[in-house]
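Report on the following structure.
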Amino acid sequence: MGLFIYPFFSWNEYSFKFDIHGAESSSFSKKVNMGASEENSALFPIFVLTIMALPLVPYTIVKILNTFSKKAMTIHCQCSVCSRSGKYRKSIFKRISNFSTCSNLTLVLLWIVMVVLIYYIKHTSHEVKVFEPFSILGLEHGASDSDIKKAYRRLSIQYHPDKNPDPEAHDYFVEYISKAYQALTDPVSRENFEKYGHPDGRQGLQMGIALPPFLLNIDGASGGILLLGIVGVCILLPLVLAVIYLSRSAKYTGNYVMHQTLSAYYYFMKPSLAPSKVLGVFIKAAEFMEIPVRRSDGEPLQKLFMLVRSELNLDLKNIRQEQAKFWKQHPALVKAELLIQAQLTRESKALTPALLRDFRRMLELSPRLLEELVKMALLPRTAQGHGWLRPAIGVVELSQNIIQHNRLFALHILGVKGLEWNITSWSHTAVSVVYAVPLSARKVAGGSSESVAPFLQLPHFSEAIVKKIARKVGKCSIKDVCLDVVKVRTFQELRDMTLEDRVELLTQVAGLSSTETKDVEMVLEMMPSLTVDIMCETEGEEGIQEGDVVTMHVWITLKRGSGLVAALPHAPYYPFFKEENFWLLLADPVSNDVWISQKVSFMDEAVATTAASKAIQELKEVSGASLKETNAAVREAVERVKSGSRLVMGKFQAPAEGNYNLTAFCLCDSWIGCDKKTNLKMKILKRSRAGTRTGSLSEEGAGMEEGIEEEEQEEEDEYDDYESEYSEDEEDEKDSKRNGVVPAAGAAAESSDNE
């Protein structure tokens with residue numbers, strides 16, 4: 001690119017000179033070469049315009065199409081609370097702020113440069129005139145010598161300087177008429193012109209570089225400019241970019257988290273880390289330590305401490321010593337913990353402008369720091385390569401609370417008379433970071449087993465409203481039969497109610513207005529409902545023996561009342577955009593081991609379709625399926641992805657012989673009460689010496705059996721602080737024999753409802 005080809009006229013042997021008013025002209029070939037150089041210089045703007053337009057035009061079209069497609073589908077919550085938050089408001093300042101990104105400003109600047117180039121080319125370009133002697137003299141090709149002389153005399157009378165004093169006539173006579181006459185009066189030149197279109201005969205092609213003359217002329221100062229340009233572009237610029245990249249990569253990971261943060265998380269992560277202690281590990285991020293602690297922050301932090309003191313896990317019996325111990329910590333740790341508690345307890349209004357900027361910075365960093373903290377908990381730590389379940393669940397709970405911005409005491413379980421919470425509704429617990437629910441709210445109190453945190457993420461809900469709807473009050477009409485309103489004991493019961501019953505409950509019992517009830521319905525329609533179908537098998541074998549490579553297939557299906565698959569969570573008090581992310585954990589709650597973990601997203605359908613198609617195709621090819629069967633399976637997988645399902649596959653080595661009661665957790669980092677748990681019973685057979693599989697198969701059959709059974713209630717271990725509502729370890733599983741023999745071979749999967 002950048003090389004333009006032009007025909008040129010160069011009379012290598014034949015040159016001529018002529019005098020006008022005593023001035024000797026240069027040779028014709030030299031003038032032609034000079035003209036070609038000027039033509040190359042004039043084409044430099046066209047060359048630059050072409051190079052800019054090739055990538056810029058298609059990129060702009062794609063960007064505009066993406067913008068219109070995003071506007072066509074609204075994936076965020078449209079309740080009045082989210083509208084008042086201003087996060088999604090399209091004011092003129094918001095539009096300017098969203099538009100004035102680095103890429104958009106660069107795009108506008110490049111288009112301005114293109115417009116300037118087009119204007120310059122339009123007003124400075126000139127038509128390239130081809131040298132045609134016969135046309136100049138007004139003759140036809142093949143004219144005789146006498147006709148040429150007559151035409152020359154006629155034009156001389158009209159344009160000769162002695163006859164016409166006009167300077168333009170003088171230039172035309174010298175540059176065209178005289179040269180055309182000289183070219184046609186020479187027999188050899190005329191013959192060449194008639195045969196090859198050029199007085200010099202057969203010609204080649206002139207290759208010119210579309211660059212300005214000062215860059216092509218390497219003499220003097222222009223040579224120094226060219227040398228500096230080559231050194232700057234080819235040497236200095238790559239070195240600067242390399243230094244910036246290496247310095248940044250030495251400090252940050254691919255997820256823009258500092259390596260020092262990962263080291264701290266790895267050191268402080270423990271297998272028995274209680275969920276209430278996760279916050280203490282989370283605030284030790286190096287990014288938080290870099291936030292300055294000003295002298296002016298002292299008094300506002302003291303006031304904030306008094307507001308959130310009840311959430312700091314301080315011993316009330318020795319409150320003075322506990323307070324002194326708290327303030328003796330590193331000032332950055334004190335500030336980070338208090339600011340996070342301000343989000344969890346909704347006390348951010350008490351912050352000064354300086355603290356508010358630091359507060360927003362911490363919330364902006366929280367999602368990716370929490371993601372890395374989850375990965376650190378799931379990092380293989382045991383000899384079998386398993387991660388830790390309890391701290392991973394605690395981190396996800398913290399993430400939920402921050403995003404939802406619910407008060408920490410909201411997770412306290414209310415001891416309301418007649419409020420019978422279902423212990424099996426473990427999935428309705430709150431997540432600490434996304435909805436800003438306080439950690440102390442997860443404590444079990446009053447003999448109940450479920451918190452009110454899922455209710456408090458709904459707009460206009462409070463603890464008083466939860467108490468009202470939990471009582472047996474009011475009446476409803478079902479099929480023209482007047483019945484008492486059934487009290488709402490769990491959050492899932494509220495979601496499962498019909499629209500008419502729920503509206504009547506919220507308006508007549510809870511006392512909400514029609515507008516507030518509409519907001520609640522909007523949020524309920526945005527909340528996801530998950531279904532997990534899991535299967536584990538050994539390829540080509542009927543049972544699972546110890547040491548086998550087991551393949552896990554999981555289809556996670558998401559449904560919403562609004563019909564959307566990809567959506568943003570209802571988080572009006574979290575000031576930044578937050579996408580939903582889900583964590584799939586196949587774990588043994590008894591041993592606290594996570595066998596397989598994977599992050600799942602429903603935002604990008606194209607990526608999920610490609611991944612599912614490739615996985616199914618590889619699986620069918622390994623199993624020896626025909627091409628027709630493979631294509632049918634791939635089409636089925638693509639349809640499932642488009643309908644809101646995601647395929648998760650993983651492999652693990654079968655442990656020692658025994659029976660294992662595993663649980664597949666599907667945890668959402670943005671919604672409270674939308675998680676899903678599926679039980680999976682797996683039997684590992686003993687491997688024989690000859691390598692054959694042994695072990696009797698039950699009458700019901702071998703392999704994987706799926707069924708639904710009721711989840712048993714069990715006593716939970718008591719902690720000094722609150723217990724995670726996800727970790728309902730079954731006591732009877734602790735007493736079961738790990739190496740015992742059960743009737744069924746293989747594994748059996750059981751899915752538990754949210755109720």
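Worth saying up front: this structure is predicted, and the values here are computed from it rather than measured.
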*Is a salt bridge present between E463 and K467, judged by a nitrogen-to-oxygen distance below 4.0 Å?*
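Judged by the 4.0 Å cut-off on N to carboxylate O distance, E463 and K467 do not form a salt bridge.
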_NZ/NE/NH1/NH2 to OD/OE distance under 4.0 Å, K325 and E322_ =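 Judged by the 4.0 Å cut-off on N to carboxylate O distance, K325 and E322 do not form a salt bridge.
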With sequence neighbours left out, write down each residue that passes salt bridge (Lys or Arg N to Asp or Glu O under 4.0 Å) with [X], or none if nothing qualifies.
| X | value |
| --- | --- |
| D297 | R294, K335 |
| R560 | E580 |
| E525 | none |
| K270 | none |

Going from [atom1] on [X] to [atom2] on [Y], what distance comes out if it is rounded to the nearest 0.5 angstrom?
| X | Y | atom1 | atom2 | result |
| --- | --- | --- | --- | --- |
| R646 | T557 | CZ | OG1 | 10.0 Å |
| S263 | F268 | OG | CZ | 11.0 Å |
| K578 | F576 | NZ | CZ | 13.5 Å |
| L586 | M682 | CG | CE | 6.5 Å |
| R361 | D358 | CZ | CG | 10.0 Å |
| L568 | C82 | CG | SG | 10.0 Å |

_N255 and E372: side chain donor to acceptor below 3.5 Å_ =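 E372 and N255 do have a side-chain donor-acceptor pair below 3.5 Å.
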*Show the numbers, then the answer: is there a side-chain contact (heavy atoms from CB on, under 4.5 Å) between L456 and I672?*
CA-CA 9 Å; L456 295 184; I672 301 174; over 6 Å; no
Which pair of heavy atoms, one from [X] and one from [Y], lies closest together, and at what distance?
| X | Y | answer |
| --- | --- | --- |
| L558 | L564 | CD2-O, 4.2 Å |
| F602 | G644 | CE2-O, 3.4 Å |
| A510 | I465 | CB-CG2, 3.6 Å |
| L307 | A350 | CD1-CB, 3.9 Å |
| A342 | V308 | N-CG1, 4.4 Å |
| P380 | G385 | CB-O, 3.5 Å |

Can you find a pair of side-chain heavy atoms, one from [X] and one from [Y], that are under 4.5 Å apart?
| X | Y | result |
| --- | --- | --- |
| L389 | L585 | yes |
| Q343 | M362 | no |
| P391 | M376 | no |
| L458 | L494 | yes |
| K677 | N679 | yes |
| M526 | C79 | no |
| H259 | T253 | yes |
| M522 | V81 | no |

*Which class fits the ring pair W595 and Y660: parallel under 30°, tilted 30 to 60°, perpendicular over 60°?*
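Perpendicular, since the angle between the ring planes exceeds 60°.
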*Can you label the angle between the F491 ring and the F455 ring as parallel, tilted or perpendicular, going by 30° and 60°?*
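Rings of F491 and F455: perpendicular, over 60°.
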*Could R368 and Y256 be counted as a cation-pi pair, given that NZ or CZ must be under 6.0 Å from the ring centre and within 45° of the axis?*
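Not flagged: R368 not positioned over aromatic ring of Y256.
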_Quick one: does any side-chain atom of N592 pair with a main-chain N or O of R390 as donor and acceptor, under 3.5 Å?_
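Yes, because the side chain of N592 sits within donor-acceptor range (under 3.5 Å) of the backbone of R390.
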*Under 3.5 Å, is there a donor-acceptor pair between the side chain of D533 and the main chain of W555?*
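No.
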Under 3.5 Å, sequence neighbours excluded: what are the donor-acceptor pairs made by side chains of residues 278-291?
| residue | atom | partner | partner atom | Å |
| --- | --- | --- | --- | --- |
| K284 | NZ | G280 | O | 2.8 |
| E287 | OE1 | T261 | OG1 | 2.5 |
| E287 | OE2 | M258 | N | 2.8 |

*ring-ring contact (aromatic ring centres under 6.0 Å, His included): which pairs involve residues 292-322, sequence neighbours left out?*
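Checked against ring-ring contact (aromatic ring centres under 6.0 Å, His included) - neighbours excluded - the pairs reaching residues 292-322 are F305-F326, F305-W327.
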*Should R309 and I319 be marked as a side-chain contact (heavy atoms from CB on, under 4.5 Å) after you check the CA-CA gap, both sets of side-chain angles, and the distance that decides it?*
CA-CA 10 Å; R309 183 173 57 178; I319 188 62; 4.2 Å; yes
*Would you check, one step at a time, whether the test side-chain contact (heavy atoms from CB on, under 4.5 Å) holds for L530 with C674?*
CA-CA 7 Å; L530 300 175; C674 296; 5.6 Å; no
*Neighbour count above 12 (heavy atom, 6.0 Å) for Q260 CD*: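 12 or below, so no.
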*Begin with the C-alpha distance, continue with both residues' side-chain angles, and end with the deciding distance and a verdict on side-chain contact (heavy atoms from CB on, under 4.5 Å) for L584 and M552.*
CA-CA 12 Å; L584 178 68; M552 179 192 70; 4.3 Å; yes
*Identify which one of V257, V374, L373 satisfies the side chain to side chain contact (heavy atoms under 4.5 Å, CB included) criterion when paired with Y265.*
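It is L373, the one option of V257, V374, L373 that forms the side chain to side chain contact (heavy atoms under 4.5 Å, CB included) with Y265.
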